[in-house]
Amino acid sequence: MSDAYDRAVEAVLFAATEPLTRDAIRAHAGDGDVAGALDRLTVHYRGRGFELVERGGRWHFQTAADLAHLLRRGRDEIRRLSRAGIETLAIIAYHEPVTRAEIEAIRGVQTARGTLDVLMEAGWIRPAGRREVPGRPLMFTTTPEFLSHFGLKSRRDLPGVDDLRAAGLLDPVDLAFDQLAVENAGEED
Amino acid sequence: MSDAYDRAVEAVLFAATEPLTRDAIRAHAGDGDVAGALDRLTVHYRGRGFELVERGGRWHFQTAADLAHLLRRGRDEIRRLSRAGIETLAIIAYHEPVTRAEIEAIRGVQTARGTLDVLMEAGWIRPAGRREVPGRPLMFTTTPEFLSHFGLKSRRDLPGVDDLRAAGLLDPVDLAFDQLAVENAGEED
Amino acid sequence: MTDAVPEQLTLDLDGFEGPLDLLLSLARAQKVDLRDISILQLVEQYLGYVERARVLQLELAADYLVMAAWLAYLKSALLLPRDPEVEPDVEELAIRLQLRLERLDAMREAGARLMARDRLDRDVFRRGAPEGLHVVRKAFWSVEYYDLLAAYGQVKARTRPALHVVRDREVVTLETALARVAALLGTAIDWREIERFLPETPNPRLRRSSLASSFLAALELARQGRAELHQEAPFAPLYLRRVAS
């Protein structure tokens with residue numbers, strides 16, 4: 001490799017246990033053209049056994065997706081999410097920040113105990129402030145780990161997000177109307 | 001990369017949690033020219049940020065030895081001084097050279113172990129001889145770093161007590177105490 | 001046909017996550033594109049479902065019945081000529097219901113697409129044994145100049161009264177002077193200058209205080225008839241004598 005700085009960036013990314021921001025790379029590799037190095041390394045590793053990818057402004061190496069079958073062997077199968085968990089995660093990702101009441105309004109049912117816990121435990125969502133409405137409900141957003149895990153460069157990479165937005169399906173939730181059924185059902189508890 | 005098998009070997013070595021024998025590589029990557037792939041990969045990574053190395057018949061990637069220093073980096077961490085630390089520093093600056101007992105007399109409270117250490121670690125104060133009284137206590141003065149941190153040419157640049165009062169830095173608490181003094185005086189009569 | 005329904009109905013309801021889920025399934029059975037569904041037909045289907053459950057005396061969760069009541073209202077309003085006075089607009093309610101179904105459907109679809117992506121630790125993997133990056137932290141202390149000055153101001157403000165008290169202790173109180181003058185008077189028979197009743201001190205401030213309080217003590221003793229005072233002229237020496245009892 002011709003460029004000593006590219007080499008340093010490559011070594012730092014390779015040794016890191018976590019995806020690194022440009023600032024973190026610079027903190028270790030020293031001052032230099034981080035962006036240029038990342039571009040050149042991305043091109044260099046394209047099509048190899050592992051690749052350099054960006055996830056939410058953080059960079060890491062990961063194996064090529066088409067080699068998954070070679071590498072899954074002998075690994076613990078990751079826990080399967082329930083249908084409620086998958087829907088809740090999708091709602092948070094596409095509507096964030098979003099409150100529990102808004103999630104319930106979209107799903108039409110109360111969120112079972114544990115659904116949000118499982119997503120938080122997985123490190124994919126986190127509480128992010130409160131909505132300034134009566135009751136000040138907690139809002140949830142996705143995390144950088146969510147982007148890393150699902151291979152998304154940023155939230156703009158969410159599948160079909162532009163079409164959904166254009167169709168008005170990501171507009172703010174009208175709680176007054178949509179929560180009707182949920183509230184009534186909730187009175188049982 | 002031309003060879004699909006080289007790619008598989010590369011990915012397997014990258015994802016492995018420990019150095020792999022040729023047999024172990026073959027178990028994951030499938031049948032193929034493992035030795036040839038290892039040779040080609042060794043050549044490819046020579047001189048890059050990390051290298052493919054063999055140790056006792058086992059293969060693994062490791063960061064290039066000459067870049068190991070990048071993996072350990074010092075970082076400045078900005079920390080704020082505690083209230084006791086700021087007060088102690090101020091007293092030393094205004095009264096230097098001053099002993100610990102004198103600082104405590106002025107502050108009216110004991111100086112926690114470590115407060116002076118932090119100020120010395122910050123490079124703002126230093127021991128400056130001993131006071132020739134029983135016990136020969138250590139005296140402290142400020143350092144040139146102290147002056148430069150606060151942009152002062154000399155200690156004479158520190159505002160006097162009258163200046164502090166004029167700036168309102170003395171008054172709020174002052175009034176309360178004056179009130180108290182009057183009340184105490186009243187009790188004596 | 002009715003004979004076959006009970007079993008299937010029970011099973012189906014078990015599989016639904018609430019009335020909205022059931023509505024969405026019914027809507028999807030109508031057409032592929034949710035934007036073209038017939039709300040009226042959907043309402044009919046839902047109410048039919050609930051009615052059959054009622055006939056078969058299956059216990060339905062309350063939220064299914066709440067939704068049924070709301071849909072029955074929507075249906076009657078849709079069938080009646082529109083009354084512009086009534087709010088909200090029925091057509092609007094129907095569109096909103098449709099949007100809700102579309103949104104839930106979209107989120108389901110999105111969830112499925114997310115799960116099908118190349119996921120870290122399932123389809124793609126990070127390096128198995130990274131060396132790790134280590135950061136050696138070096139503390140760098142920071143204080144603002146203002147904070148330094150404000151802290152000193154507060155120390156001064158806090159401790160000044162204490163210094164005051166130390167200085168003010170250098171006084172002779174009236175009680176002390178009274179006791180001293182009375183005691184010394186007992187030992188003297190003739191006139192004596194008031195200065196001779198004062199304790200010896202090199203401190204001029206203390207001496208002034210002592211003189212003032214001793215003078216007051218003398219006046220008090222005179223008032224009580226225990227002492228006599230004598231002075232030749234203003235600012236002349238002041239003499240003091242015990243009154244023989």
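Chain A is the first sequence line, chain B the second, and so forth, proteins listed ahead of strands; every chain is numbered from 1. What you see is a predicted model; the values in this text were computed from it and never measured.
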Legend entry - SB check E51(A) R46(A) (cutoff 4.0 Å): no
Inset, instruction - Can you sort out the partners of Y94(A) under ring pair (Phe, Tyr, Trp, His ring centres under 6.0 Å), two or more places apart, ordered by chain and number? - result: none
Inset, instruction - Go through the atoms of V53(A) and report whether side chain, backbone, both or neither lie under 4.5 Å from a heavy atom of chain C. - result: neither
Inset, instruction - Find the one option among D118(C), L24(C), V124(C) whose heavy-atom pairs under 4.5 Å with chain A are most numerous. - result: V124(C)
Legend entry - Interchain contact, L158(A) with chain C, by part (heavy-atom threshold 4.5 Å): side chain
Legend entry - Among the listed options G85(A), A64(A), P19(A), the residue most often paired with chain C at heavy-atom distances under 4.5 Å: P19(A)
Legend entry - Side chain / backbone / both / neither for A129(C) at chain A, heavy atoms under 4.5 Å: neither
Legend entry - CZ on R7(A) to CG on L41(A), rounded to 0.5 Å: 12.0 Å
Legend entry - Closest-packed option against chain A by number of heavy-atom pairs under 4.5 Å, given L20(C), L99(C), L65(C), D123(C): D123(C)
Legend entry - chain C contact via F50(A) - which portion, at a heavy-atom distance below 4.5 Å: neither
Legend entry - Aromatic ring pairing Y46(C)/Y64(C), orientation class (parallel under 30°, perpendicular over 60°, tilted between): parallel
Legend entry - Greatest number of heavy atom pairs closer than 4.5 Å to chain C - which of L67(A), D171(A), L170(A): D171(A)
Inset, instruction - Would you mind checking which part of I91(A) comes under 4.5 Å of any heavy atom in chain C, side chain (CB onward), backbone (N, CA, C, O), both or neither? - result: both
Inset, instruction - Using distance alone, with no hydrogens and no angle criterion, decide if Y5(A) and E10(A) have a side-chain donor and acceptor under 3.5 Å apart. - result: no
Inset, instruction - Take E96(A) and R155(A) through the salt bridge (charged side-chain N to carboxylate O under 4.0 Å, His left out) test and state the conclusion after the steps. - result: CA-CA 10 Å; E96(A) 70 179 51; R155(A) 284 190 57 241; 3.5 Å; yes
Inset, instruction - Just give me the residue among R117(C), R35(C), E131(C), E109(C) that pairs up with chain A most often, heavy atom to heavy atom, under 4.5 Å. - result: R117(C)
Inset, instruction - Among A90(A), G168(A), A24(A), A167(A), single out the residue with the greatest number of heavy-atom pairs under 4.5 Å to chain C. - result: A90(A)
Legend entry - Minimum heavy-atom distance E102(A)-P97(A), with the two atoms named: OE1-O, 4.3 Å
Legend entry - R127(C) to F125(C) six-membered ring, cation-pi geometry met (6.0 Å, 45°): no
